[in-house]
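Down below is the structure, laid out as C-alpha coordinates.
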Amino acid sequence: MNNNLIICIGRQYGSGGHEIGEKLSKKLDIPFYDRELLRKAAEEHGIVEELFAKADEQPTDSFLYSLSLGAQNHSMGMLGFSDYLTNDNLFVMQSKTIRGIAAEGPCVIIGRCADYILQDMPNCVSIFICADIDSRVRRIMDRRGLDEKAAAAAIKKTDKKRANYYNFYSEKSWGICSSYDISLSSSRLGGVDATVEALDAYIKARMKQ
(Lines give C-alpha, C1' and ligand atoms only; values in the text may rest on other atoms or scores of the structure.)
Protein backbone atom coordinates (compact mmCIF):
# COMPACT_ATOMS: atom_id res chain seq x y z
CA MET A 1 0.00 0.00 0.00
CA ASN A 2 1.29 3.47 -0.88
CA ASN A 3 3.01 5.09 2.08
CA ASN A 4 1.24 8.39 1.43
CA LEU A 5 -2.30 6.96 1.44
CA ILE A 6 -4.62 9.06 3.60
CA ILE A 7 -8.25 7.95 3.96
CA CYS A 8 -10.76 10.52 5.19
CA ILE A 9 -14.22 9.30 6.14
CA GLY A 10 -17.33 11.44 6.59
CA ARG A 11 -20.43 9.66 7.88
CA GLN A 12 -24.07 9.92 8.76
CA TYR A 13 -24.77 9.23 12.41
CA GLY A 14 -25.67 5.57 12.84
CA SER A 15 -24.25 4.50 9.48
CA GLY A 16 -21.36 2.59 11.07
CA GLY A 17 -18.75 5.01 9.74
CA HIS A 18 -16.54 4.80 12.82
CA GLU A 19 -16.52 1.00 12.83
CA ILE A 20 -15.96 0.88 9.08
CA GLY A 21 -12.99 3.21 9.39
CA GLU A 22 -11.55 1.23 12.28
CA LYS A 23 -11.86 -2.10 10.46
CA LEU A 24 -10.48 -0.63 7.24
CA SER A 25 -7.44 0.69 9.09
CA LYS A 26 -6.81 -2.77 10.54
CA LYS A 27 -7.21 -4.40 7.14
CA LEU A 28 -4.74 -1.97 5.59
CA ASP A 29 -2.53 -2.01 8.71
CA ILE A 30 -2.44 1.77 9.07
CA PRO A 31 -3.21 4.05 12.07
CA PHE A 32 -6.78 5.10 12.87
CA TYR A 33 -7.82 8.51 14.22
CA ASP A 34 -11.20 9.57 15.55
CA ARG A 35 -11.33 10.99 19.07
CA GLU A 36 -7.64 10.10 19.35
CA LEU A 37 -7.10 13.13 17.14
CA LEU A 38 -8.50 15.40 19.85
CA ARG A 39 -6.06 14.04 22.42
CA LYS A 40 -3.18 14.51 20.03
CA ALA A 41 -4.22 18.09 19.23
CA ALA A 42 -4.54 18.90 22.93
CA GLU A 43 -1.05 17.53 23.65
CA GLU A 44 0.55 19.35 20.74
CA HIS A 45 -0.97 22.73 21.58
CA GLY A 46 -0.83 22.50 25.37
CA ILE A 47 -4.59 22.82 25.81
CA VAL A 48 -6.90 20.70 27.92
CA GLU A 49 -8.64 18.06 25.80
CA GLU A 50 -12.08 19.09 27.08
CA LEU A 51 -11.89 22.27 25.00
CA PHE A 52 -11.41 20.31 21.80
CA ALA A 53 -14.12 17.87 22.85
CA LYS A 54 -16.65 20.68 23.42
CA ALA A 55 -15.87 22.19 20.02
CA ASP A 56 -15.67 18.81 18.26
CA GLU A 57 -17.43 19.08 14.87
CA GLN A 58 -19.22 22.21 16.06
CA PRO A 59 -19.42 25.26 13.75
CA THR A 60 -18.13 28.62 14.93
CA ASP A 61 -20.11 30.47 17.58
CA SER A 62 -19.73 33.37 20.00
CA PHE A 63 -18.82 31.18 22.95
CA LEU A 64 -15.29 31.83 24.21
CA TYR A 65 -13.34 29.04 25.80
CA SER A 66 -11.15 30.38 28.57
CA LEU A 67 -7.81 28.67 29.07
CA SER A 68 -8.36 28.39 32.78
CA LEU A 69 -5.50 25.91 33.10
CA GLY A 70 -3.10 27.98 31.03
CA ALA A 71 -1.14 26.74 28.03
CA GLN A 72 2.36 25.76 27.04
CA ASN A 73 4.58 27.87 24.83
CA HIS A 74 3.94 26.54 21.33
CA SER A 75 4.07 27.97 17.83
CA MET A 76 1.11 30.23 18.63
CA GLY A 77 3.04 31.86 21.46
CA MET A 78 2.52 31.94 25.20
CA LEU A 79 -1.16 32.07 26.15
CA GLY A 80 -2.14 33.25 29.62
CA PHE A 81 -5.26 33.45 31.74
CA SER A 82 -6.56 36.45 29.78
CA ASP A 83 -6.40 34.62 26.46
CA TYR A 84 -9.40 32.90 24.89
CA LEU A 85 -10.05 30.34 22.20
CA THR A 86 -13.00 30.33 19.87
CA ASN A 87 -14.12 27.31 17.88
CA ASP A 88 -12.35 28.89 14.91
CA ASN A 89 -9.02 28.97 16.77
CA LEU A 90 -9.47 25.36 17.83
CA PHE A 91 -10.27 24.38 14.24
CA VAL A 92 -7.02 25.97 13.05
CA MET A 93 -5.03 24.09 15.68
CA GLN A 94 -6.82 20.83 14.95
CA SER A 95 -6.13 21.34 11.23
CA LYS A 96 -2.40 21.66 11.98
CA THR A 97 -2.56 18.38 13.88
CA ILE A 98 -4.39 16.67 11.00
CA ARG A 99 -1.76 17.87 8.52
CA GLY A 100 0.96 16.68 10.85
CA ILE A 101 -0.63 13.24 11.14
CA ALA A 102 -0.93 12.98 7.35
CA ALA A 103 2.71 13.99 6.93
CA GLU A 104 3.81 11.15 9.22
CA GLY A 105 2.41 8.44 6.94
CA PRO A 106 -0.71 6.53 5.90
CA CYS A 107 -3.77 6.65 8.14
CA VAL A 108 -7.56 6.72 8.39
CA ILE A 109 -9.14 9.90 9.77
CA ILE A 110 -12.80 10.16 10.75
CA GLY A 111 -14.69 13.41 10.12
CA ARG A 112 -13.48 16.87 11.19
CA CYS A 113 -13.19 18.19 7.62
CA ALA A 114 -10.01 16.15 7.13
CA ASP A 115 -10.80 15.60 3.44
CA TYR A 116 -10.96 19.37 2.91
CA ILE A 117 -7.89 20.12 5.02
CA LEU A 118 -5.86 17.53 3.09
CA GLN A 119 -7.39 18.09 -0.34
CA ASP A 120 -4.03 19.12 -1.82
CA MET A 121 -2.53 15.69 -1.06
CA PRO A 122 -2.59 13.52 -4.22
CA ASN A 123 -3.19 10.26 -2.36
CA CYS A 124 -5.96 11.51 -0.09
CA VAL A 125 -9.11 9.41 -0.59
CA SER A 126 -12.32 11.04 0.62
CA ILE A 127 -15.22 8.75 1.53
CA PHE A 128 -18.76 9.34 2.76
CA ILE A 129 -20.74 6.59 4.50
CA CYS A 130 -24.53 6.76 4.60
CA ALA A 131 -27.32 4.26 5.38
CA ASP A 132 -31.10 4.09 5.31
CA ILE A 133 -32.84 5.68 8.27
CA ASP A 134 -34.32 2.44 9.62
CA SER A 135 -30.94 0.73 9.95
CA ARG A 136 -29.45 3.86 11.48
CA VAL A 137 -32.23 4.08 14.07
CA ARG A 138 -31.80 0.41 14.98
CA ARG A 139 -28.05 0.87 15.34
CA ILE A 140 -28.38 3.88 17.64
CA MET A 141 -31.09 2.14 19.69
CA ASP A 142 -28.77 -0.82 20.25
CA ARG A 143 -25.66 1.27 20.77
CA ARG A 144 -27.10 3.87 23.15
CA GLY A 145 -30.06 2.06 24.67
CA LEU A 146 -32.55 4.60 23.35
CA ASP A 147 -36.11 4.08 22.23
CA GLU A 148 -37.01 4.59 18.57
CA LYS A 149 -38.16 8.19 18.95
CA ALA A 150 -35.08 9.25 20.92
CA ALA A 151 -32.75 7.50 18.48
CA ALA A 152 -34.35 9.26 15.51
CA ALA A 153 -34.04 12.61 17.30
CA ALA A 154 -30.36 11.96 18.09
CA ILE A 155 -29.68 11.13 14.45
CA LYS A 156 -31.36 14.29 13.21
CA LYS A 157 -29.49 16.48 15.71
CA THR A 158 -26.06 14.91 15.11
CA ASP A 159 -26.37 14.96 11.32
CA LYS A 160 -27.37 18.62 11.42
CA LYS A 161 -24.39 19.45 13.62
CA ARG A 162 -21.96 17.60 11.34
CA ALA A 163 -23.43 19.19 8.22
CA ASN A 164 -23.22 22.71 9.68
CA TYR A 165 -19.61 22.15 10.73
CA TYR A 166 -18.53 20.70 7.38
CA ASN A 167 -20.40 23.26 5.29
CA PHE A 168 -19.02 26.17 7.32
CA TYR A 169 -15.35 25.20 7.37
CA SER A 170 -14.99 23.39 4.05
CA GLU A 171 -17.26 25.57 1.89
CA LYS A 172 -18.53 22.31 0.41
CA SER A 173 -21.75 20.37 1.00
CA TRP A 174 -21.79 17.60 3.60
CA GLY A 175 -23.15 14.29 2.33
CA ILE A 176 -23.33 15.39 -1.33
CA CYS A 177 -21.60 12.94 -3.66
CA SER A 178 -19.65 15.64 -5.49
CA SER A 179 -17.89 16.55 -2.23
CA TYR A 180 -16.20 13.13 -2.01
CA ASP A 181 -14.31 10.60 -4.11
CA ILE A 182 -16.81 7.89 -3.25
CA SER A 183 -20.08 7.64 -1.32
CA LEU A 184 -21.45 4.28 -0.14
CA SER A 185 -24.54 3.07 1.70
CA SER A 186 -23.51 0.57 4.36
CA SER A 187 -27.11 -0.69 4.62
CA ARG A 188 -27.43 -1.40 0.89
CA LEU A 189 -24.10 -3.19 0.85
CA GLY A 190 -25.23 -5.47 3.66
CA GLY A 191 -23.44 -3.97 6.65
CA VAL A 192 -20.07 -2.90 7.99
CA ASP A 193 -17.92 -5.82 6.81
CA ALA A 194 -19.24 -5.74 3.25
CA THR A 195 -18.64 -1.98 3.12
CA VAL A 196 -15.07 -2.45 4.32
CA GLU A 197 -14.45 -4.99 1.54
CA ALA A 198 -15.93 -2.64 -1.08
CA LEU A 199 -13.76 0.23 0.10
CA ASP A 200 -10.67 -1.94 0.20
CA ALA A 201 -11.26 -2.90 -3.45
CA TYR A 202 -11.84 0.73 -4.44
CA ILE A 203 -8.71 1.97 -2.67
CA LYS A 204 -6.53 -0.73 -4.22
CA ALA A 205 -7.89 0.13 -7.68
CA ARG A 206 -7.36 3.84 -7.02
CA MET A 207 -3.76 3.33 -5.88
CA LYS A 208 -2.90 1.41 -9.05
CA GLN A 209 -3.63 4.45 -11.20
Side-chain angles (χ1 to χ4, degrees), residues 1-13 15-45 52 55-59 75 87-88 90-131 159 161-186 189 192 194-209:
M1 190 60 63
N2 192 295
N3 288 334
N4 294 322
L5 173 66
I6 308 297
I7 300 170
C8 302
I9 300 179
R11 72 285 185 222
Q12 289 182 323
Y13 189 50
S15 66
H18 174 95
E19 187 178 356
I20 288 167
E22 197 168 31
K23 288 193 172 186
L24 185 62
S25 74
K26 290 179 180 179
K27 189 173 185 66
L28 298 176
D29 193 25
I30 60 177
F32 173 79
Y33 293 94
D34 190 348
R35 291 192 64 85
E36 297 85 355
L37 194 153
L38 304 182
R39 288 192 287 272
K40 189 171 179 66
E43 291 172 0
E44 289 181 352
H45 297 284
F52 283 99
D56 191 26
E57 295 192 300
Q58 295 276 8
S75 60
N87 285 13
D88 287 349
L90 293 168
F91 177 79
V92 170
M93 283 186 267
Q94 186 171 271
S95 296
K96 290 180 180 179
T97 297
I98 288 172
R99 285 192 287 270
I101 288 171
E104 292 174 358
C107 61
V108 175
I109 302 175
I110 300 293
R112 299 170 183 88
C113 291
D115 61 308
Y116 176 74
I117 294 165
L118 304 175
Q119 62 181 331
D120 58 335
M121 296 188 68
N123 290 327
C124 178
V125 179
S126 60
I127 297 165
F128 189 80
I129 305 297
C130 60
D159 279 357
K161 181 187 73 171
R162 289 176 179 174
N164 288 342
Y165 178 87
Y166 186 86
N167 296 347
F168 181 85
Y169 286 114
S170 75
E171 299 178 353
K172 297 197 295 181
S173 297
W174 182 83
I176 302 300
C177 291
S178 59
S179 297
Y180 310 89
D181 293 322
I182 184 171
S183 179
L184 294 176
S185 170
S186 58
L189 282 169
V192 167
T195 304
V196 170
E197 292 301 320
L199 288 172
D200 181 48
Y202 170 80
I203 290 164
K204 287 178 179 176
R206 166 84 174 266
M207 291 300 102
K208 287 180 181 179
Q209 296 180 357

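Small disclaimer: the values here were computed from a predicted structure and weren't measured. Values reported hereafter were calculated over all heavy atoms of this structure, with side chains retained and with hydrogens, waters and symmetry mates removed.
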Legend entry - Closest non-hydrogen atom pair between Asp159 and Tyr13, with its separation: OD1-N, 2.9 Å
Legend entry - Ile98 side chain reached by Tyr116 side chain, heavy atoms, under 4.5 Å: no
Legend entry - Note, Leu24 side chain near Phe32 side chain (heavy atom, < 4.5 Å): no
Inset, instruction - Mind checking the OG1-CD spacing from Thr195 to Glu19? Nearest 0.5 Å is all I need. - result: 10.0 Å
Inset, instruction - Show your reasoning for whether side-chain contact (heavy atoms from CB on, under 4.5 Å) applies to Ile127 and Tyr202. - result: CA-CA 11 Å; Ile127 297 165; Tyr202 170 80; 5.6 Å; no
Inset, instruction - Evaluate the criterion side-chain contact (heavy atoms from CB on, under 4.5 Å) for residue pair Ile9 and His18; output intermediate values, then yes/no. - result: CA-CA 8 Å; Ile9 300 179; His18 174 95; over 6 Å; no
Inset, instruction - Determine, step by step, whether Val92 and Lys96 satisfy the side-chain contact (heavy atoms from CB on, under 4.5 Å) criterion, reporting the C-alpha distance in whole Å, the side-chain angles of both residues, the deciding distance to 0.1 Å, and the verdict. - result: CA-CA 6 Å; Val92 170; Lys96 290 180 180 179; 4.1 Å; yes
Legend entry - Non-neighbouring partners of Arg39 that pass salt bridge (Lys or Arg N to Asp or Glu O under 4.0 Å), sequence neighbours left out: none
Inset, instruction - Starting at OG of Ser173, measure out to CG of Asn167 and round the result to the nearest 0.5 Å. - result: 5.5 Å
Inset, instruction - Would you give the length of the straight line joining atom CE of Met207 to atom CG of Asn4, rounded to the nearest 0.5 angstrom? - result: 9.5 Å
Legend entry - Heavy-atom check, side chain of Glu197 versus side chain of Leu189, under 4.5 Å: no
Inset, instruction - Could you tell me which residues satisfy ring-ring contact (aromatic ring centres under 6.0 Å, His included) with Phe128, sequence neighbours excluded, listed by chain and number? - result: Trp174, Tyr180
Inset, instruction - Would you mind listing every salt bridge (charged side-chain N to carboxylate O under 4.0 Å, His left out) that reaches into residues 117-127, with sequence neighbours excluded? - result: none
Inset, instruction - Work out which heavy atom in Ile20 is nearest to a heavy atom in Val196; give both atom names and the distance. - result: O-CG2, 3.7 Å
Legend entry - Close side-chain approach of Ser95 to Tyr169, heavy-atom, < 4.5 Å: no
Inset, instruction - Check Glu36, Glu43, Glu44 against Lys40 for a salt bridge (Lys or Arg N to Asp or Glu O under 4.0 Å) and give me the one that passes. - result: Glu44
Inset, instruction - Measure across Lys172 and Asp115 and return the closest heavy-atom pair with its distance rounded to 0.1 Å. - result: NZ-OD2, 3.4 Å
Inset, instruction - Specify the closest pair of heavy atoms between Pro31 and Ser25, including all atoms of both residues, with the distance to one decimal. - result: O-CB, 4.1 Å
Inset, instruction - Drop me the distance from Ile110's CD1 to Arg35's CZ, to the nearest 0.5 angstrom. - result: 13.0 Å
Inset, instruction - Answer yes or no: is there a donor N or O on one side and an acceptor on the other, between the side chain of Arg11 and the main chain of Gly16, under 3.5 Å? - result: no
Inset, instruction - Decide yes or no for Arg112 and Ile117: does some side-chain heavy atom of the first lie under 4.5 Å from some side-chain heavy atom of the second? - result: no
Legend entry - Met93 versus His45, closest heavy-atom pair with distance: O-NE2, 3.1 Å
Inset, instruction - Verify, without hydrogens or angle tests, whether Ser126 (side chain) and Cys8 (backbone) share a donor-acceptor contact under 3.5 angstrom. - result: no
Inset, instruction - Using the side-chain contact (heavy atoms from CB on, under 4.5 Å) rule, take Ile30 and Ile7 through it: C-alpha gap first, then chi angles, then the decisive distance, then the call. - result: CA-CA 10 Å; Ile30 60 177; Ile7 300 170; 4.3 Å; yes
Inset, instruction - Report yes or no: does Ser170 contribute a side-chain atom to a donor-acceptor pair with the main-chain N or O of Cys113 at less than 3.5 Å? - result: no
Legend entry - Atom of Asp200, atom of Lys27 and distance for their closest heavy-atom approach: OD2-CE, 3.1 Å
Inset, instruction - Could you tell me whether the side chain of Pro106 reaches within less than 4.5 Å of the side chain of Leu28, counting heavy atoms only? - result: no
Inset, instruction - Describe, in one word, how the ring planes of Tyr165 and Phe91 are oriented to each other, choosing from parallel (under 30°), tilted (30 to 60°) and perpendicular (over 60°). - result: perpendicular
